[in-house]
Structures are given as C-alpha cells and as structure tokens.
**Student:** 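The structure's right below; bear with me while I get my questions together.
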Amino acid sequence: MSEAQKTAGRQDAGPSTVTGVDRFFRITERGSTFGREIRGGFATFFTMAYILVLNPLILGSAKDKFGEQLDPVQLTTATALVAAVMTIIMGVGGNLPLALAAGLGINAVVAFQLAPLMSWDDAMGLIVLEGLLICVLVVTGLREAVMHAIPQPLKQAISVGIGLFIALIGFVDAGFVTRIPDAANTTVPVQLGSTGTLAGWPMLVFCVGVLLTIGLLARKVRGAILISIVAMTVVALVINALADVKTWGLTTPEWPDRIVDTPDFGLLGQFSLFGAFGQVGVVTVVLLVFTLVLSDFFDTMGTVVGVSAEAGLLDEDGKVPGLGKVLLIDGAAAVAGGAASASSATSYIESAAGVGEGARTGFANLVTGSLFGLALFLTPLLTIVPLQAAAPALVAVGFLMMTQVRHIEWDRYEIAIPAFLTIAVMPFTYSITNGIGAGFLAYVLIKTVLGRAKEVHWLLWGTSALFLVYFAIDPIEQLLGV
C-alpha cells in the first residue's frame with residue numbers, strides 16, 4: 001500500500017477516539033476503520049463458507065479401510081467449530097485478516113489416500129502429527145530449509161495436480177463421469193454419465209451449476225462459489241418437490257423439519273496418534289505425513305504472503321509482520337482440525353475478498369469467526385445440499401488451482417517433465433502422493449543425467465529415496481520375504 005493510500009485511509013477513518021480495541025488491532029494505524037473490518041469479515045465468510053458444504057461432502061463420501069463413513073452432520077459441526085476457533089485465534093494472535101478452515105486438497109488426501117489404508121481415527125491422527133511437525137519446523141527455523149529444498153515449479157505443479165484431482169472428484173461425485181465396469185470389455189476406463197449420455201434432473205442441476213459458477217467467476221463476483229451452491233440447492237429443492245427423481249445420491253434435497261439444531265460434537269477427539277504405523281508401516285506413514293506437510297505448509301506460505309501483500313502489510317524487505325506467530329497458529333490449526341476429525345485446517349486465499357472490502361487487521365477475523373460459530377447451529381439447513389449442487393464448486397476450485405500452470409517454464413525439460421508427471425499422475429492414479437513422488441523422482445533423475453546433481457537439495461535427495469522405496473515396496477517385500 002502506498003503512503004498516499006495509507007494517508008487517505010487514515011483520513012477516511014475520521015477523528016474518532018482511539019479505543020483499546022483499536023490500539024490492540026492497530027486498526028487506525030493501518031489505515032482502516034471498524035466499518036471496513038466488519039465488512040471485510042463478512043466478505044471473507046461468504047467467499048469461503050462453501051467449505052461447510054464441501055468438507056463434509058469430500059470426507060463424508062469416502063470410506064475407510066473398514067468400510068466406515070463419517071457422519072455428514074458431525075462433519076459440518078466439526079468443520080464450523082475449527083474454522084470459528086482458529087480464525088479468531090489467528091485474528092487475536094497474528095493480527096492479520098487471514099481466516100482458516102479445512103483445506104481443500106488436504107481433505108482430498110485424507111478421504112481418498114489415507115482413509116482407504118487405515119481407520120478414520122488413524123487418518124486423523126496423521127493430520128495431528130502433520131500439524132505438530134509444522135509447528136516444530138516453525139519453532140526450529142527449519143521452515144526456510146524445507147522451502148528452499150523444493151523447486152518453485154514443482155510446488156506450482158503440485159497445486160495444479162491437486163486442482164485437476166479435485167475437479168475429477170467433482171465430476172465423479174456428480175455422476176458426470178462414471179467408471180465403465182470391467183465386465184464390459186471396453187477400451188476406455190470412464191465415460192460421460194452412466195450410459196455415455198447425460199440424463200436426469202440431478203445431472204441438469206450439476207451442469208447448470210457449473211455454467212453458473214464459471215459465469216460468476218468470469219464476472220469476478222464476490223462469493224461466486226457460495227452463490228452457485230445456494231442457487232442450485234434451491235433449484236434442486238424445487239425439482240425434487242415437483243419431479244419424480246429416482247435418486248440424488250448421498251444427499252436428497254429435502255427441506256428439514258427444523259433449521260436450527262444443537263451441534264453434534266461426536267467427532268471431537270476421535271483420533272489415534274500412532275495407529276497408522278500399525279496399519280501401513282513406518283515408511284508409508286513418513287511419506288504420507290510428508291505429503292500432508294508439503295500440501296499444507298507451502299500453500300500457507302503463498303496464502304500468507306499473497307494476502308499480506310494485497311493488504312499492503314509487507315515491510316520494506318517484503319516480509320510479513322509476525323510471520324513466526326502466523327505460521328505457528330496455522331500449524332496449530334492443522335492439529336485442531338485432525339483432533340476434531342475435520343481434516344487439516346489452513347489459511348484461506350479467499351481472505352483476499354475481505355482485504356478487498358478494506359480489512360487490514362485481525363479484527364475482521366473476529367467477525368468471520370463469529371459467523372462460523374453461528375453456522376454451528378444451522379447444521380440441518382447446511383446438510384440439504386445435494387452433491388450435484390455442491391460439486392460445481394469442486395470444478396471451479398480445480399480451475400483456480402490450475403491457473404498456477406502458467407508459471408511453469410515448459411520449454412525447460414528438466415522442469416517441465418517432472419511438473420508434467422506431477423500434474424498427470426495425481427488424477428490419473430487418483431493419488432496425490434503418487435503425483436508428488438513421480439515428480440520428485442523425475443526431477444532428481446533428470447538433474448543427474450544432465451550432470452547437475454549438485455543442484456538438487458539434500459532434503460530432496462532424501463525424500464526421493466523414500467519415494468523410491470514407496471513405489472518399489474512390493475518387490476522389496478518379496479525380496480525380503482516379508
């Protein structure tokens with residue numbers, strides 16, 4: 001923010017008396033007002049409130065190794081609680097207009113990578129371990145070492161690959177893409193709809209929802225994703241009341257008997273810190289935790305810097321004020337998310353919407369967090385959203401994550417090939433871990449072949465060695481007779 005903008009902001013703030021709250025959050029000092037902070041808090045909530053629907057959608061649609069599913073109502077409660085508490089803590093402790101909630105991408109790892117290998121308790125225990133590891137990295141100063149170990153293009157490729165993976169989940173959840181049974185002896189593994197064509201009212205809701213979402217995004221409408229979810233849920237309610245719909249899938253759009261209900265905190269504390277070690281082994285656990293740390297840690301760094309820059313809060317050296325505390329709180333949010341079975345909570349880039357409305361301090365987080373707290377008591381209203389109304393948001397989020405592909409230098413093969421493998425392997429193998437491993441191994445191999453092995457950070461060598469063991473675990477077990 002320029003000095004002229006800061007001066008204008010202070011003048012706009014008016015000559016009102018500086019209160020204790022103002023001094024604590026440095027509202028006037030940062031050229032803001034209580035009105036701007038409140039508007040910013042509302043804007044941030046409405047642009048990220050879709051997570052109250054999508055997180056239960058992603059986690060609730062998956063089964064663990066034992067065929068168990070998490071209750072959508074309890075998931076909604078856990079998601080809202082963690083978002084409310086950690087957003088307020090970030091506001092008070094970090095004094096940045098940076099809201100937190102269950103991270104998209106990370107919850108996909110939990111649902112489709114961790115859960116099939118272990119119980120939900122074990123999977124959430126790994127999230128707690130991931131959060132604790134992030135806190136240790138921050139406290140010990142190893143954050144910079146880890147940051148420098150991964151080449152920036154690979155970080156961007158990971159985000160792009162996760163975006164495509166999330167979009168694929170959206171298409172599959174809505175029934176837009178289905179798997180062709182092996183018994184059909186076909187040459188393609190997937191098809192359009194259930195019969196090669198799009199049919200039925202639920203499919204119409206999804207298709208119109210995608211068009212509405214991308215139209216609103218193109219118009220840069222604030223809250224585009226939430227508006228689309230709400231609008232298509234209303235359409236689905238009307239269609240379900242008037243038409244003969246055989247099935248909507250997991251969630252049928254029916255108006256509940258009551259809108260307000262007592263929160264169900266049944267998932268809180270349902271985690272096993274070390275149970276995963278007995279289920280999948282030490283090597284696999286290390287790789288999975290590393291994947292979680294990578295997805296969470298680097299996304300947070302980008303979000304914190306991006307939102308702070310947009311708010312004009314970076315210092316003359318381009319550093320974020322109080323970065324250590326901010327990253328520590330973000331790590332604690334991951335711990336809280338796992339402990340509540342809501343998946344890892346992380347900082348949201350949608351916080352930039354609040355900054356656009358004028359938020360410059362953590363006071364805006366008090367507003368956003370309070371609104372998430374209010375959502376705790378509206379669970380019945382939030383669980384009427386069918387997959388077909390919410391899935392377009394997954395496609396839209398996939399697009400938003402995909403935009404980072406423009407930063408990759410595709411004419412440099414030592415970067416482009418690992419990036420391509422990272423991006424392609426994730427959706428094609430339905431595994432984020434596989435994509436990251438393929439990219440890392442390709443990067444190390446190409447650098448070595450080109451005689452530039454010294455350019456590879458030792459941490460990347462170590463991680464690639466673990467991935468090599470991960471991919472070759474079956475022949476290794478056979479050789480060892482395990």
**Student:** Give a yes or no on this: more than 12 heavy atoms of other residues, nucleotides or ligands lie within 6.0 Å of atom CZ of Phe428.
**Tutor:**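 No - once you tally the heavy atoms of other residues, nucleotides and ligands closer than 6.0 Å, there are 12 at most.
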**Student:** If we only count heavy atoms from C-beta on, is the Val190 to Thr178 side-chain gap below 4.5 Å?
**Tutor:** no
**Student:** Strictly distance-based, threshold 3.5 Å: is any side-chain N or O of Ser351 a donor or acceptor partner for the main-chain N or O of Ala99?
**Tutor:**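 Side chain of Ser351 to backbone of Ala99, a donor-acceptor pair under 3.5 Å: yes, one is there.
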**Student:** Looking at every heavy atom in both Val128 and Ala339, which two are closest together, and how far apart are they?
**Tutor:** CG2-N, 3.6 Å
**Student:** With a 4.5 Å limit on heavy-atom distance, are the side chains of Val449 and Leu445 in contact?
**Tutor:** yes
**Student:** What distance do Asn434 atom CG and Thr422 atom OG1 have between them, rounded to the nearest 0.5 Å?
**Tutor:**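 Between Asn434 CG and Thr422 OG1, I get 11.0 Å after rounding to 0.5 Å.
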**Student:** State, yes or no, whether a side-chain contact exists between Phe277 and Val286 at a heavy-atom distance under 4.5 Å.
**Tutor:** no
**Student:** Between OG of Ser343 and CD1 of Ile127, what distance do you get to the nearest 0.5 Å?
**Tutor:**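 If we round to the nearest 0.5 Å, Ser343:OG and Ile127:CD1 are 4.5 Å apart.
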**Student:** Do Thr303 and Ser347 pair up side chain to side chain, a donor and an acceptor below 3.5 Å, judged on atom types alone?
**Tutor:** no
**Student:** Side chains of Asp330 and Thr300: is there a donor and an acceptor less than 3.5 Å apart?
**Tutor:**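 The criterion, which ignores hydrogens and geometry beyond distance, is satisfied for Thr300 and Asp330.
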**Student:** Crowded around Lys447 NZ? As in, over 12 foreign heavy atoms under 6.0 Å?
**Tutor:** yes
**Student:** Taking Ser341 for the side chain and Leu268 for the main chain, is one N or O donor matched with an acceptor at less than 3.5 Å?
**Tutor:** no
**Student:** Verify the distance criterion only: is there a donor paired with an acceptor across the side chains of Asp264 and Thr77 at less than 3.5 Å?
**Tutor:** no
**Student:** To the nearest 0.5 Å, what is the distance between CZ on Phe372 and CG on Leu100?
**Tutor:** 9.5 Å
**Student:** Measuring from atom CG of Leu460 to atom CG of Leu154, what distance do you get when rounded to the nearest 0.5 angstrom?
**Tutor:** 7.0 Å
**Student:** Under the 3.5 angstrom rule, does the side chain of Gln69 hit a backbone N or O of Gly60 as a donor-acceptor pair?
**Tutor:** yes
**Student:** Decide yes or no for Trp410 and Ile415: does some side-chain heavy atom of the first lie under 4.5 Å from some side-chain heavy atom of the second?
**Tutor:**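 With C-beta onward as the side chain, the pair stays apart.
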**Student:** Run the numbers on Asn365 and Thr87 for side-chain hydrogen bond (donor to acceptor under 3.5 Å, both in side chains), then give the verdict.
**Tutor:** CA-CA 6 Å; Asn365 276 29; Thr87 295; 5.4 Å; no
**Student:** On a heavy-atom basis, which atom in Ile169 and which in Ala108 lie closest, and how many Å separate them?
**Tutor:** CD1-CB, 4.1 Å
**Student:** Taking the side chain from Ser344 and the backbone from Ala334, do they hold a donor-acceptor pair closer than 3.5 Å?
**Tutor:**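 Side chain of Ser344 to backbone of Ala334, a donor-acceptor pair under 3.5 Å: no, none is there.
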**Student:** May I have the step-by-step check of side chain to side chain contact (heavy atoms under 4.5 Å, CB included) for Met124 and Val110, ending in yes or no?
**Tutor:** CA-CA 8 Å; Met124 293 304 171; Val110 175; 4.0 Å; yes
**Student:** Relative to the ring of Phe440, is the ring of Phe467 parallel (under 30°), tilted (30 to 60°) or perpendicular (over 60°)?
**Tutor:**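 Judged by the thresholds at 30° and 60°, the geometry between Phe467 and Phe440 is perpendicular.
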**Student:** Of the non-hydrogen atoms in Asn95 and Gly362, which two are nearest, and what is the gap between them?
**Tutor:** OD1-N, 2.9 Å
**Student:** Using only atom types and a distance under 3.5 Å, with no angle test, would you say the side chain of Asp64 pairs donor to acceptor with the backbone of Pro116?
**Tutor:** no
**Student:** Using only atom types and a distance under 3.5 Å, with no angle test, would you say the side chain of Arg412 pairs donor to acceptor with the backbone of Glu409?
**Tutor:**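 Looks like no, no N/O pair under 3.5 Å.
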**Student:** Mind running side chain to side chain contact (heavy atoms under 4.5 Å, CB included) on Met118 and Leu126 for me, showing each step along the way?
**Tutor:** CA-CA 11 Å; Met118 59 194 75; Leu126 289 187; 3.9 Å; yes
**Student:** Quick one: does Tyr348's side chain have a donor or acceptor within less than 3.5 Å of a partner on Ala102's backbone?
**Tutor:** yes
**Student:** Where is the tightest heavy-atom contact between Gly94 and Ile329, given as atom of each residue plus distance?
**Tutor:** N-CD1, 3.7 Å
**Student:** Applying side chain to side chain donor-acceptor pair (under 3.5 Å), name anything that partners Tyr50, two or more places apart in sequence or on another chain.
**Tutor:** Glu350
**Student:** Can you name the closest pair of heavy atoms from Ala453 and Thr448 and give their distance?
**Tutor:** CB-OG1, 4.0 Å
**Student:** Using side chain to side chain contact (heavy atoms under 4.5 Å, CB included), reason through Asn55 and Thr76 one step at a time and then give a plain yes or no.
**Tutor:** CA-CA 8 Å; Asn55 197 46; Thr76 303; over 6 Å; no
**Student:** State, with a plain yes or no, whether a side-chain heavy atom of Leu288 is found less than 4.5 Å away from one of Leu117.
**Tutor:**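 Yes; the side chains approach each other to less than 4.5 Å.
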**Student:** Tell me, do Trp120 and Leu70 make a side-chain contact under 4.5 Å, heavy atoms counted?
**Tutor:**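 Yes; the side chains approach each other to less than 4.5 Å.
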**Student:** Report yes if the side chains of Pro253 and Thr233 come closer than 4.5 Å at any heavy-atom pair, otherwise no.
**Tutor:**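 No, their side chains stay 4.5 Å or more apart.
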**Student:** Can you name the nearest heavy-atom pair linking Ser228 to Leu216, along with the distance?
**Tutor:**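 Taking every non-hydrogen atom into account, N-CD1, 4.3 Å.
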**Student:** Measure the CG-CG distance between Leu59 and Leu75 for me, rounded to the nearest 0.5 Å.
**Tutor:**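 Answer for the CG-CG pair, Leu59 versus Leu75, is 5.5 Å.
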**Student:** If you count heavy atoms of other groups shown closer than 6.0 angstrom to CZ of Phe265, is the number above 12?
**Tutor:** yes
**Student:** Measure the shortest side-chain to side-chain distance between Pro56 and Thr79 over non-hydrogen atoms and say whether it is less than 4.5 angstrom.
**Tutor:**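 Yes, their side chains come closer than 4.5 Å.
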**Student:** Please confirm whether the backbone N or O of Gly41 pairs with a side-chain atom of Thr368, one donor and one acceptor, at under 3.5 Å?
**Tutor:** yes
**Student:** Determine, step by step, whether Phe206 and Leu387 satisfy the side chain to side chain contact (heavy atoms under 4.5 Å, CB included) criterion, reporting the C-alpha distance in whole Å, the side-chain angles of both residues, the deciding distance to 0.1 Å, and the verdict.
**Tutor:** CA-CA 8 Å; Phe206 171 73; Leu387 289 170; over 6 Å; no
**Student:** Distance check, rounded to the nearest 0.5 Å: Glu455 atom CD versus Arg452 atom CZ?
**Tutor:**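 Output value for this atom pair is 4.0 Å.
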